[in-house]
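Comments concern the structure below.
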Amino acid sequence: KKDVNVDEIRWEKDYDSQSNHPYGTYFLHELINRGFKGYNLHNLNHSVQHYFEYDSLKVEAEVTNYFFIGKNFNLYNDEVDSLLAFTNRGNNVFIAAEYFPRKLLTTLIAHDYQDFIREESDTAITLKFFDRQFGDEKYELTNLVNDNNIKRRWRLWTSGAYSDFHKKNIGKANYAPCYTRINYGKGVILLHTIPQAFTNQFLKSKPGREYVETALSYLPEGTVIWDDFTQFVVDDGSLEMDNGNNNNSSNTGKKINTKSIISFLMKSPPLR
């Protein structure tokens, strides 16, 4: 664990795997890297398209799990195609994000996917699993900023979503689904609409760790390719994303924090 000066705590939701601030994902990154048996962790620090195009970048593994946590899952259409082809071959995908590429949603959910997305505004939300083997355990996730409970919008699926035989809701927030398992070809895609549940702030509590460990138990053992690049991709005008409504406030979190982009650039000597 890295030391953090209380006066320097950053409350931005940057989901950075190298950040041990409240809304970084350093704790989860280390948990997968050192605490989970059956998983080998590799970091993806370039585009998804390049990873699939160049054999020199690919990780040789029998089972490969692509892993992403971020506010915006910023993939271009050709990158969505590559990721789906990767899954179709028998690999797996875990994505925790609020905003997804339109092509991914129209492919996996429905052409009119907007009908399957809803929002709830509150300071906290209660997470739970549908599977009875996990009992009736409830996990409260609070949106804490500067030690204050702040209201925000939580993005969820509608209750009627995923009735197809190859899709199954496995987790919910309050009374609406937020975690879904989708069979795609020979592989599996796991979509979670609340990335905040996988951040340091939640993981520092015992219930938070229990929730995350249970959520990730749906991901088959194997090599985990942690994508720490895609969330920093900036729209060049051709990124077809589901951006929700037109409210671009900090509550929705659709804008990428400039500090996060600079922080990412500074990690790479060539980019620096």
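Counting from 1, the numbers follow the sequence of the chain as shown.
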On a heavy-atom basis, which atom in [X] and which in [Y] lie closest, and how many Å separate them?
X    : Y    : value
Y184 : L84  : CE2-O, 3.3 Å
Q49  : S82  : OE1-OG, 3.0 Å
H21  : N200 : O-ND2, 2.7 Å
N88  : G185 : OD1-CA, 3.1 Å
Y26  : S19  : CB-O, 3.0 Å
N92  : P220 : ND2-CG, 3.5 Å

To the nearest 0.5 Å, how far apart are [atom1] in [X] and [atom2] in [Y]?
X    : Y    : atom1 : atom2 : result
E221 : E62  : CD    : CD    : 12.0 Å
H29  : I69  : NE2   : CD1   : 10.0 Å
T214 : Y218 : OG1   : OH    : 8.0 Å
I95  : L191 : CD1   : CG    : 5.5 Å
S17  : I32  : OG    : CD1   : 10.0 Å
W157 : C178 : CH2   : SG    : 10.0 Å

Would I170 and T180 count as a side chain to side chain contact (heavy atoms under 4.5 Å, CB included) here? Give the steps.
CA-CA 5 Å; I170 53 181; T180 300; 5.8 Å; no
Is the Y15 to Y23 ring centre distance short of 6.0 Å?
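No, too far apart.
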Using the benzene-type ring in the case of Trp, are the ring centres of Y66 and F94 under 6.0 Å apart?
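No, the ring centres sit 6.0 Å or more apart.
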Check: [X]/[Y] side-chain N/O donor and acceptor closer than 3.5 Å:
X    : Y    : result
N149 : T142 : no
W226 : N43  : no
N143 : Q196 : yes

Flag, side chain of [X] to backbone of [Y], donor-acceptor distance under 3.5 Å:
X    : Y    : result
N169 : G171 : no
N40  : G222 : no
S121 : R153 : no
T199 : P195 : no
Y51  : V59  : yes
H166 : I182 : no
D16  : Q18  : yes
K167 : I109 : yes
T25  : L28  : no

Under 3.5 Å, which donor-acceptor pairs link side chains of residues 123-137 to any protein atom two or more places apart or in another chain?
{"residue": "K128", "atom": "NZ", "partner": "D136", "partner atom": "OD1", "Å": "2.3"}
{"residue": "D131", "atom": "OD1", "partner": "Q133", "partner atom": "N", "Å": "3.1"}
{"residue": "D131", "atom": "OD2", "partner": "Q133", "partner atom": "NE2", "Å": "3.0"}

Please identify each residue that fulfils salt bridge (Lys or Arg N to Asp or Glu O under 4.0 Å) with E120, with sequence neighbours left out.
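Checked E120 against salt bridge (Lys or Arg N to Asp or Glu O under 4.0 Å); matches are R118.
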Compare all side-chain heavy atoms of [X] with those of [Y] and state whether any distance is below 4.5 angstrom.
X    : Y    : answer
D235 : M241 : no
V224 : H42  : no
F202 : I194 : no
D227 : F67  : no
Y99  : N72  : yes
I9   : P22  : yes
L219 : L190 : yes
D228 : F68  : no

Whether Y179 and H192 hold their rings parallel, tilted or perpendicular, with breakpoints at 30° and 60°:
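Because their plane-to-plane angle lies in the 30° to 60° range, the rings of Y179 and H192 count as tilted.
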Under the salt bridge (Lys or Arg N to Asp or Glu O under 4.0 Å) definition, can you give me all pairs with a residue in [range], not counting sequence neighbours?
range            : result
residues 194-214 : none
residues 80-95   : D81-K103
residues 25-52   : E30-R34
residues 45-59   : D55-K58

What residue among N146, D147, N148 forms side chain to side chain donor-acceptor pair (under 3.5 Å) with W11?
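Testing each of N146, D147, N148 against W11, the sole residue satisfying side chain to side chain donor-acceptor pair (under 3.5 Å) is N146.
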Can you hop from V93 to V63 via hydrophobic side chains spaced under 4.5 Å?
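No, V93 and V63 fall in different hydrophobic clusters.
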Between N183 and R181, does the side chain to side chain contact (heavy atoms under 4.5 Å, CB included) criterion hold? Intermediate values first, please.
CA-CA 7 Å; N183 295 327; R181 183 183 190 274; 2.6 Å; yes
What do the steps show when you test V233 against L75 for side chain to side chain contact (heavy atoms under 4.5 Å, CB included), and what is the final call?
CA-CA 8 Å; V233 172; L75 287 191; over 6 Å; no
R152/E119 salt bridge by N-O under 4.0 Å criterion
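Salt bridge absent between E119 and R152.
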Derivation of the side chain to side chain contact (heavy atoms under 4.5 Å, CB included) call for I225 and T64:
CA-CA 7 Å; I225 307 298; T64 306; 3.4 Å; yes
